Asker: 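I have a structure here, written as structure tokens, and I will follow up with some questions on it.
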There are 2 protein chains.
Amino acid sequence: MAPRTCSVANALDVVGERWSLLALREVFFGNTRFDQIVANTGASRDVLTVRLKKLVATGLLEKHQYSEHPPRHEYQLTDTGRALHNVFLMLKEWGDDYVTQGPLPLVYQHSCGHVLEPRVVCAHCGEEATLESLSRAGEPTH
Amino acid sequence: MAPRTCSVANALDVVGERWSLLALREVFFGNTRFDQIVANTGASRDVLTVRLKKLVATGLLEKHQYSEHPPRHEYQLTDTGRALHNVFLMLKEWGDDYVTQGPLPLVYQHSCGHVLEPRVVCAHCGEEATLESLSRAGEPTH
DNA sequence: CGAGGTGGGTTGGATTTGCCAACTCACTGA
DNA sequence: TCAGTGAGTTGGCAAATCCAACCCACCTCG
């Protein structure tokens with residue numbers, strides 16, 4: 001029996017390896033150079049090299065030269081990479097609420113002026129997309 | 001230099017290992033028994049055993065006996081576990097949009113009647129919490 | 001010029017993690 | 001008794017990760 005096909009599994013094939021999401025976190029934070037990512041994530045250099053290569057190859061990051069002499073590169077988000085920020089936010093929210101103990105290392109303020117409390121809502125009605133509020137929508141879209 | 005503390009890293013310490021999120025996916029879908037999770041995820045039995053034990057130990061799942069003769073167990077979500085559904089939804093959304101090719105394996109309908117299009121919004125103002133709309137909120141909360 | 005620093009890797013060996021096939025145990029029913 | 005079910009457990013191997021050291025190109029400064 002073959003395991004189920006699933007977009008979550010497909011997504012994890014791309015970003016589920018150790019250090020990938022934390023590398024992206026650093027780029028979200030504006031730290032785009034190799035050594036910054038190494039230092040802030042704790043990843044070993046060889047694994048991070050492989051991870052960044054894959055994130056570039058799968059279209060989440062682009063490698064840009066920011067200095068010709070000496071040649072220096074940084075990693076920039078693509079739209080695909082930026083779209084993962086939603087996952088990052090919800091993972092951070094869960095980590096804040098249920099894992100991290102003591103003072104929160106990072107608190108965001110939203111542009112409306114309040115401390116950010118992120119919610120996942122339905123784009124149509126604005127109500128929360130809770131587990132209980134969802135049903136399968138019949139046939140898969142073709 | 002020590003890597004940064006971060007709730008995302010803390011969260012990944014709990015659910016970032018191979019198969020953990022997919023095991024939870026099965027429980028979200030209502031498949032709560034060991035063999036169902038094995039079959040639908042593709043995880044090997046020994047790794048899944050270890051993963052489920054950890055998800056129970058860290059409070060995301062509870063192991064309940066559903067049959068005394070013979071003794072049979074199932075895994076149920078706790079509130080902590082259920083709260084990860086938001087991460088699941090945003091990961092699925094990203095996977096749907098950027099990774100999965102061809103027909104989507106699963107499409108949700110929201111209780112409002114529309115096909116679900118999940119968004120991450122600020123609970124206060126209802127506007128989207130985009131990367132650009134966030135700033136650090138000064139000192140960490142104590 | 002040489003030493004030291006920066007950026008971004010690469011390498012070999014050790015350790016850890018995951019996979020696989022087979023096995024185990026308890027229990028049930030024919 | 002045998003076969004099936006549920007839920008693991010085990011030994012061996014493959015793959016992934018870690019770690020320390022090294023490498024190369026380039027630059028600056030004494």
Side-chain angles (χ1 to χ4, degrees), chain A residues 1-4 8-10 12-27 29-58 60-76, chain B residues 1-4 8-10 12-27 29-58 60-76:
Chain A
M1 164 148 184
R4 80 170 68 243
V8 171
N10 295 339
L12 289 173
D13 281 345
V14 177
V15 299
E17 289 167 313
R18 183 143 166 81
W19 301 119
S20 295
L21 279 174
L22 293 183
L24 278 165
R25 175 195 72 190
E26 287 309 307
V27 185
F29 288 163
N31 300 316
T32 58
R33 296 184 305 180
F34 188 84
D35 261 352
Q36 290 175 319
I37 301 172
V38 164
N40 286 312
T41 56
S44 57
R45 312 173 80 83
D46 55 336
V47 174
L48 186 64
T49 302
V50 172
R51 289 296 174 275
L52 289 171
K53 259 192 175 67
K54 180 166 180 177
L55 292 172
V56 169
T58 50
L60 281 84
L61 294 179
E62 286 174 337
K63 194 173 178 182
H64 288 175
Q65 184 157 11
Y66 69 90
S67 157
E68 188 153 335
H69 299 290
R72 295 280 183 257
H73 296 92
E74 65 179 1
Y75 294 89
Q76 304 259 4
Chain B
M1 161 145 185
R4 82 172 64 244
V8 171
N10 295 339
L12 290 173
D13 282 345
V14 178
V15 299
E17 288 166 317
R18 185 146 166 78
W19 302 118
S20 294
L21 278 173
L22 293 183
L24 278 164
R25 177 196 70 189
E26 287 309 306
V27 184
F29 287 163
N31 299 316
T32 58
R33 298 185 304 179
F34 187 85
D35 260 353
Q36 289 174 319
I37 301 173
V38 165
N40 286 312
T41 57
S44 57
R45 313 173 81 82
D46 56 336
V47 173
L48 186 64
T49 301
V50 172
R51 289 296 174 277
L52 290 171
K53 259 192 176 66
K54 181 165 179 177
L55 292 173
V56 169
T58 49
L60 281 84
L61 295 179
E62 285 174 338
K63 194 173 179 182
H64 288 175
Q65 183 158 10
Y66 70 89
S67 157
E68 187 151 335
H69 300 291
R72 296 281 183 255
H73 296 91
E74 65 180 1
Y75 294 88
Q76 303 259 5

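The chains referred to below are lettered A, B, ... by the order of the sequence lines, with proteins before strands, and numbering in each begins at 1. The model shown is predicted, which means the values in this text are computed figures rather than measured ones.
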Asker: Hey, what do you get for CZ (Arg33(A)) to OH (Tyr66(A)), rounding to the nearest 0.5 Å?
Answerer: 4.0 Å
Asker: Please encode protein proximity along nucleotides 12-30 of chain C as a string of B, S and -, counting only heavy-atom distances under 4.0 Å.
Answerer: B-----SBB------SS--
Asker: Holding to salt bridge (charged side-chain N to carboxylate O under 4.0 Å, His left out), I want the full list of residues that pass it with Lys54(A), two or more places apart in sequence or in another chain.
Answerer: Glu17(A)
Asker: Got a donor-acceptor contact below 3.5 angstrom from the Arg51(A) side chain to the Arg18(A) backbone?
Answerer: yes
Asker: Between which nucleotides of DNA chain D, 5' to 3', does chain A make heavy-atom contacts below 4.0 Å?
Answerer: dT17(D) to dC27(D)
Asker: Once salt bridge (charged side-chain N to carboxylate O under 4.0 Å, His left out) is applied, do any residues pair with Arg72(A), and if so which ones, sequence neighbours excluded?
Answerer: none
Asker: For the backbone of Gly16(A) and the side chain of Ser20(A), can you confirm whether one donor and one acceptor N or O come within less than 3.5 Å of each other?
Answerer: no
Asker: Applying side chain to side chain donor-acceptor pair (under 3.5 Å), can you list everything that pairs with Asp46(A), at least two apart in sequence or on another chain?
Answerer: Ser44(A)
Asker: Once you round it to whole Å, what is the distance between C1' of dT10(C) and CZ of Phe34(A)?
Answerer: 10 Å
Asker: Can you tell me the distance, in whole Å, between the CZ atom of Arg33(A) and the P atom of dT6(C)?
Answerer: 11 Å
Asker: Whole angstroms only, please: what is the CG-C1' distance between Asp35(A) and dT10(C)?
Answerer: 14 Å
Asker: Do Leu24(A) and Leu61(A) come within less than 4.5 Å of each other through their side chains, counting heavy atoms only?
Answerer: yes
Asker: Can you check the Gln65(A) CD to dG8(C) P distance for me, whole Å?
Answerer: 10 Å
Asker: Going by the rule side chain to side chain donor-acceptor pair (under 3.5 Å), which residues pair with Thr58(A) if we only count those two or more places apart in sequence or in a different chain?
Answerer: none
